Amino acid sequence: MKRIVIFASGSGTNAENLIKFFHNSDNASVIQVLTNNPHAKVLDRCKKLKVSAIAFNNIAFTKTNDVINILKASQPDLIVLAGFLWKFPETILNEFPNKVINVHPALLPKYGGKGMYGMHVHNAVVANNETETGITIHYVNENYDEGAIIFQAKCNVLKTDTAEHVAAKIHELEMEHFPKVVEKLLSPSP
């Protein structure tokens, strides 16, 4: 059984979707959720779904080996960033090479980089009169949103769409595609 650890910072809708998707899987399961926000709603979701959840601070993440040691104990086959807002330290990336992925709410390389997350992305897409946007699932490297692209899905942006409309479309794409891409990454090659 493949082991998934999720990092999240906020409400945890993607984390919950992944947990439920793999709940009855014979191939993989979400064994733990880690968050940098002790007040994140993802903690409540994990409690209801009976999944281990741990909150950590910046010191544990970047200055000590506390988070690395938690990950080593969990032995994840894949680390999934689902709405996780901090830059991932190279020390963790080096410990788990090609095992950390992220979902970004735009078609990278557009609208990526520091500060480009959530509504910041959707506001920029609308302000620039884009006709399409989407999601990008990519490997995480030492730079924001620059890792190798694994998968992209697109949606149209109408002239009448607000940033909130775009956010809803992106959320639908994430709910539909993110678990399937994670499953494919963890499936044995034929």
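As the structure is a prediction and not an experimental result, all values here were calculated from the model.
- Among residues at least two apart or in separate chains, there is no salt bridge (charged side-chain N to carboxylate O under 4.0 Å, His left out) pair with a member in residues 22-31.
- Residue pairs meeting the salt bridge (charged side-chain N to carboxylate O under 4.0 Å, His left out) criterion with at least one partner in residues 55-77, sequence neighbours excluded, are Lys72-Glu95.
- Proximity of Ile6 to Val33: side-chain heavy atoms (C-beta onward) are separated by under 4.5 Å at one or more points.
- A heavy-atom distance below 4.5 Å is not found between the side chains of Pro76 and Lys2.
- Note on Tyr144: it does not cluster hydrophobically with Tyr139, by side-chain heavy-atom contacts below 4.5 Å among ILVMFWY residues.
- At a threshold of 4.5 Å between non-hydrogen side-chain atoms, the residues Phe22 and Glu183 count as touching.
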Which donor-acceptor pairs under 3.5 Å do the side chains of residues 160-173 make with protein atoms, sequence neighbours left out?
residue, atom, partner, partner atom, Å
Asp161, OD2, Leu158, N, 2.9
Asp161, OD2, Lys169, NZ, 2.6
Thr162, OG1, Glu164, N, 3.3
Thr162, OG1, Glu164, OE1, 3.3
Thr162, OG1, His165, N, 3.2
Thr162, OG1, His165, ND1, 3.1
His165, ND1, Thr162, N, 2.8
Lys169, NZ, Asn156, O, 3.0

Distance-only donor-acceptor hits, side chain of residues 40-47, under 3.5 Å, sequence neighbours excluded:
residue, atom, partner, partner atom, Å
Arg45, NE, Ser11, O, 2.5
Arg45, NH1, Glu16, OE1, 2.3

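- One side chain, Ser9 or Asn36, offers a donor N or O that lies under 3.5 Å from an acceptor on the other.
- Side-chain contact check for His23 versus Ser29: every heavy-atom pair is 4.5 Å or farther apart.
- Applying the salt bridge (charged side-chain N to carboxylate O under 4.0 Å, His left out) test to residues at least two apart or on different chains, the pairs with a partner in residues 124-153 are Lys110-Glu130, Glu132-Lys154.
- Taking all atoms of both residues into account, the shortest heavy-atom contact from Gly112 to His104 is CA-NE2, 3.8 Å.
- Clustering ILVMFWY residues whenever any of their side-chain heavy atoms sit less than 4.5 angstrom apart, transitively, puts Phe21 in the very cluster that holds Val80.
- Grouping Ile, Leu, Val, Met, Phe, Trp and Tyr by side-chain contacts under 4.5 Å, direct or through others, puts Val67 with Val5, Phe7, Ile31, Leu34, Ile54, Phe56, Phe61, Ile68, Ile70, Leu71, Ile79, Leu81, Phe84, Trp86, Phe88, Ile92, Leu93, Phe96, Val100, Val140.
- Paired with Tyr111 under the rule side-chain hydrogen bond (donor to acceptor under 3.5 Å, both in side chains), one option of Asn128, Thr136, Thr133 passes, and it is Asn128.
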